*Asks:* 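If you scroll down you'll find the structure; I have some questions about it.
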Number of protein chains: 2
Amino acid sequence: MTQRMSLKKLAAHLGLTEGTVSRALNNYPDISQKTRDRVQQAASELGYRANPLARRLATGIAEAVAYIMPENHSTISEPFVAQLLAGLGETLSERGWDLLVTQSVSAEEEADMLHRLITSGRVSGVVLSRPLKNDARIKLLQKAKFPFIVHGRSVEYQDYAWYDVDSKAAFVAAVDHLVALGHARIGFIGAPTYYNFAQMRLDGYKEAIVNNGLPVDPDLIQITELSDDGGELAAGDLLDRKHAPTAFLCVTDTQAFGALAAIRARGLVPGKHVSVIGYDGLRFSRHTNPPLTTMAQPQAHSGRLLGDMLLAIIDGGDPKDFQVLRSAELMRRKSDGPVWVETSETMSKTWEEQT
Amino acid sequence: MTQRMSLKKLAAHLGLTEGTVSRALNNYPDISQKTRDRVQQAASELGYRANPLARRLATGIAEAVAYIMPENHSTISEPFVAQLLAGLGETLSERGWDLLVTQSVSAEEEADMLHRLITSGRVSGVVLSRPLKNDARIKLLQKAKFPFIVHGRSVEYQDYAWYDVDSKAAFVAAVDHLVALGHARIGFIGAPTYYNFAQMRLDGYKEAIVNNGLPVDPDLIQITELSDDGGELAAGDLLDRKHAPTAFLCVTDTQAFGALAAIRARGLVPGKHVSVIGYDGLRFSRHTNPPLTTMAQPQAHSGRLLGDMLLAIIDGGDPKDFQVLRSAELMRRKSDGPVWVETSETMSKTWEEQT
DNA sequence: CTTGTTTCCGAAAGCGCTTTCGGAATAAGC
DNA sequence: GCTTATTCCGAAAGCGCTTTCGGAAACAAG
């Protein structure tokens, strides 16, 4: 362990040329089996490992992939990035590749950052997350013909690879579920619709409302920020109105946490007086008060899956062949229930007075 | 944008030598101000950016840092890795450096992985997290004289850089708080003590118990896994005993979630019949039932801090000069309260019957 | 035994940058 | 005006590996 082993030293030790040793190690066909074995054994005995930087420069293959973290890290909105990174890292390490993590400061800066990243040669592929409705990053990557995959879908999703959960269908199911419970005034707590996932969930909500013969009431739709506070504010606002909704559908579990808080703060009990359903299926959601009913997305091996798909594309696969849509499932806990029927006594009272 | 700009082309364009252009761009003193300006302007006009791989190979500086993710990603035990990564990434990107993320499969493999990582030249520094009591990784890095910083402390923490929260003191404070509320039988729900943080918290607990003139009862100490389920099992076990504790101290908020569940499952109300205090101060903890009282650690800019310290060490700073200890604060919510005094009626009844 | 094939390895040119060294050109010193 | 210092740039040798090309040696074919 005096000095790091180098190809040159290995070659000298074997009485061979650097080029020959290199080809022997990389299983070139023009090396006899005998010397190949000799070289590989010596390499492992001396603990030789090619310097990745040198190899990458020589081959032009970065042997690394970048994960672009979504912004909004100030909220608890990213409970699964650790899981996703673990999965990604697992796939990559099997190939000996590196996983880079980057994060943009602003949206405009992000395109710039991404451009620098892919032209710098540091990575051979990119995984994007939480795409916008009309995402400049996707356009950029497509134009550059750079391998990438996106976690989620943008509006036009024909031509690139993605992994997503059908949250529109999930919201349809959630609305249907609530309607079946007798709810007719269902509040929607959403996120800015430049996020395509927010748009899709809103679409699902509206579609299902209509299909159930209910009116789409714009007053019942609140767009707010992706945090518990956002959810609390939005739900509170809706609850304080004349015709408060009897149920809430939230775009994320995190917002649903806030909605629960808003309901409790008004002396009502979630799941009894007012229902709320979240989306995500965070492990944590079972601990809320009451335990949150939510549309759980299968996030088990999404990291691995994304990694495998990206590698396949880097290897020359057609991105169009890599589009997988999973579906979410209603995980019923305690925050939903039949619409609260007011008794004759309580009929004329306000919520507050009922406590 | 036909072909990526190279030093060679830039040099040709300027009628200069590659070496000269390189030195001009890197502000070497042996380049006249005039040509330096000329070069730098041309470079920015033509959008030239040095190829990082080539630069790294030539200089021997990896311009990258690795974050070793803690294992246990199956639990929700790592809610802040996203935040930490964001902070780290921010610091690094200001310098144009990369952030690598790796994760080990097994503990033994980790030492190997780490050794390969630091000898491969891919990174200039490493940030470790959640050190074990006697951490082989730290020894390895020290022996190799490789720049690193650890998030948390190991047993011997004189000679290297670390950032940690004084969780021992936090547990002393928590015990004092509970004792002041009249609690004399305080259960401790801990984690395997090969994690040094688990050991330190246990030490704090024991020390405070003794200082308060109470007996350290081994039966009150449960070591379990770092998850909500672990906490629930451990708390349940304790609650079902003859002399159940009147309060729980949990090593993490996540475990505390489980403890709350165990208490509620037995028809008791946390914060009234049985107190529980967690540790971490997760944002999420305000949403439990009831809202969790916890020792909140300042995790605001830990990522940035770790990054800055590591860079300073890489720049030649003495690791011993980079040791910062923050303290946690009691964040009182609703899961703690004075010890439950049984009335004469309930005196002889069991917990279950009281509901 | 010659000619034509294969097999296998050496030589050398990169990959795109950095950095040391030496020397021409210019400025300073007397 | 000549010597001694400075200033500034060119030349060249790496960094540690890969990959193409050509040719000597070994083999097969006639």
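All of these numbers come straight from a predicted model, not from anything done at the bench. Here is how names work: the chains are called A, B, and so on, in the same order as the sequence lines, proteins then strands, and each is numbered from 1.
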*Asks:* Mind checking what makes salt bridge (charged side-chain N to carboxylate O under 4.0 Å, His left out) contact with B:Arg137, not counting sequence neighbours?
*Replies:*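 Expected list: B:Glu110, B:Asp135.
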*Asks:* Just to be sure I understand the rule, does A:Thr59 reach a base, reach only the sugar-phosphate, or reach nothing, if contact means heavy atoms closer than 4.0 Å?
*Replies:*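 Sugar-phosphate contact only.
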*Asks:* By ring pair (Phe, Tyr, Trp, His ring centres under 6.0 Å), which residues pair with B:Phe146, not counting sequence neighbours?
*Replies:*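 So B:Phe146 forms no ring pair (Phe, Tyr, Trp, His ring centres under 6.0 Å) with any residue.
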*Asks:* Within 45 degrees of the axis of the six-membered ring of B:Tyr195 and under 6.0 Å from its centre: does B:Arg130 put its NZ or CZ there?
*Replies:*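 Because its charged atom sits under 6.0 Å from the ring centre and within 45° of the axis, B:Arg130 does stack over B:Tyr195.
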*Asks:* Write down the distance between CG (B:Asn27) and P (C:dT18), rounded to a whole number of angstrom.
*Replies:*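 That distance rounds to 12 Å.
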*Asks:* Looking at residues at least two apart in the chain, or sitting in another chain, which of them share a side-chain hydrogen bond (donor to acceptor under 3.5 Å, both in side chains) with B:Asp37?
*Replies:*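 B:Gln33.
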*Asks:* Looking at residues at least two apart in the chain, or sitting in another chain, which of them share a side-chain hydrogen bond (donor to acceptor under 3.5 Å, both in side chains) with B:Asp112?
*Replies:*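 Listed in chain order: B:Arg116.
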*Asks:* Can you pull out every side-chain hydrogen bond (donor to acceptor under 3.5 Å, both in side chains) where at least one residue sits in residues 39-49 of chain A? Sequence neighbours excluded, please.
*Replies:*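 For residues 39-49 of chain A: A:Asn27-A:Gln40, A:Gln41-A:Glu45.
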*Asks:* With sequence neighbours left out, what residues match B:Glu63 under salt bridge (charged side-chain N to carboxylate O under 4.0 Å, His left out)?
*Replies:*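 Once residues adjacent in sequence are excluded, the partners of B:Glu63 under the salt bridge (charged side-chain N to carboxylate O under 4.0 Å, His left out) criterion are B:Arg55, B:Arg56.
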*Asks:* Between B:Leu10 (CG) and C:dT18 (P), how many Å, whole number?
*Replies:*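 Distance check: B:Leu10 CG to C:dT18 P gives 11 Å.
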*Asks:* Quick one: list whatever passes side-chain hydrogen bond (donor to acceptor under 3.5 Å, both in side chains) with B:Lys8, sequence neighbours left out.
*Replies:*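 For B:Lys8, no residue satisfies side-chain hydrogen bond (donor to acceptor under 3.5 Å, both in side chains) once neighbours in sequence are set aside.
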*Asks:* Report the distance from atom CD of B:Glu18 to atom P of C:dC15, rounded to the nearest whole Å.
*Replies:*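 Taking atom P of C:dC15 as the reference, CD of B:Glu18 is at 10 Å.
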*Asks:* In the 5'-to-3' direction, what one-character label does each nucleotide of nucleotides 4-11 of chain D receive under the scheme B = base within less than 4.0 Å of a protein heavy atom, S = sugar-phosphate only, - = no such atom?
*Replies:* ----BBBB
*Asks:* Would you kindly say whether A:Thr20 and A:Arg23 are connected by a side-chain donor-acceptor distance under 3.5 Å?
*Replies:*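 A:Arg23 and A:Thr20 do have a side-chain donor-acceptor pair below 3.5 Å.
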*Asks:* Could you check how far CG of A:Leu7 sits from C1' of D:dG14, rounded to whole Å?
*Replies:*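 It works out to 16 Å between those atoms.
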*Asks:* Return the value, rounded to whole Å, for the distance between atom CG of A:Leu25 and atom P of D:dG16.
*Replies:*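 To the nearest whole Å, that distance equals 17 Å.
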*Asks:* Give every residue pair that meets the side-chain hydrogen bond (donor to acceptor under 3.5 Å, both in side chains) criterion with at least one member in residues 302-326 of chain A, sequence neighbours excluded.
*Replies:*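 Checked against side-chain hydrogen bond (donor to acceptor under 3.5 Å, both in side chains) - neighbours excluded - the pairs reaching residues 302-326 of chain A are A:Glu90-A:Arg304, A:Glu94-A:Arg304, A:Arg95-A:Asp315.
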*Asks:* Based on the rotation axes of five pairs at each end, what angle does the helix from C:dG4-D:dC27 to C:dG29-D:dC2 bend through, to 10°?
*Replies:*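 Here the helix ends are tilted 60° relative to one another.
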*Asks:* Distance check: side-chain N/O of A:Ser6 vs OP1/OP2 of D:dG16, anything under 4.0 Å?
*Replies:*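 No.
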*Asks:* Once ring pair (Phe, Tyr, Trp, His ring centres under 6.0 Å) is applied, do any residues pair with B:Tyr163, and if so which ones, sequence neighbours excluded?
*Replies:*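 Expected list: B:His151.
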*Asks:* Rounding to an integer number of Å, can you tell me how far B:Arg122 CZ sits from D:dC15 P?
*Replies:*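 After rounding, the gap between these two atoms is 21 Å.
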*Asks:* Could you check which residues of residues 46-58 of chain A get a heavy atom under 4.0 Å from DNA chain C? Sort them by number, please.
*Replies:*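 Here the set is A:Leu57, A:Ala58.
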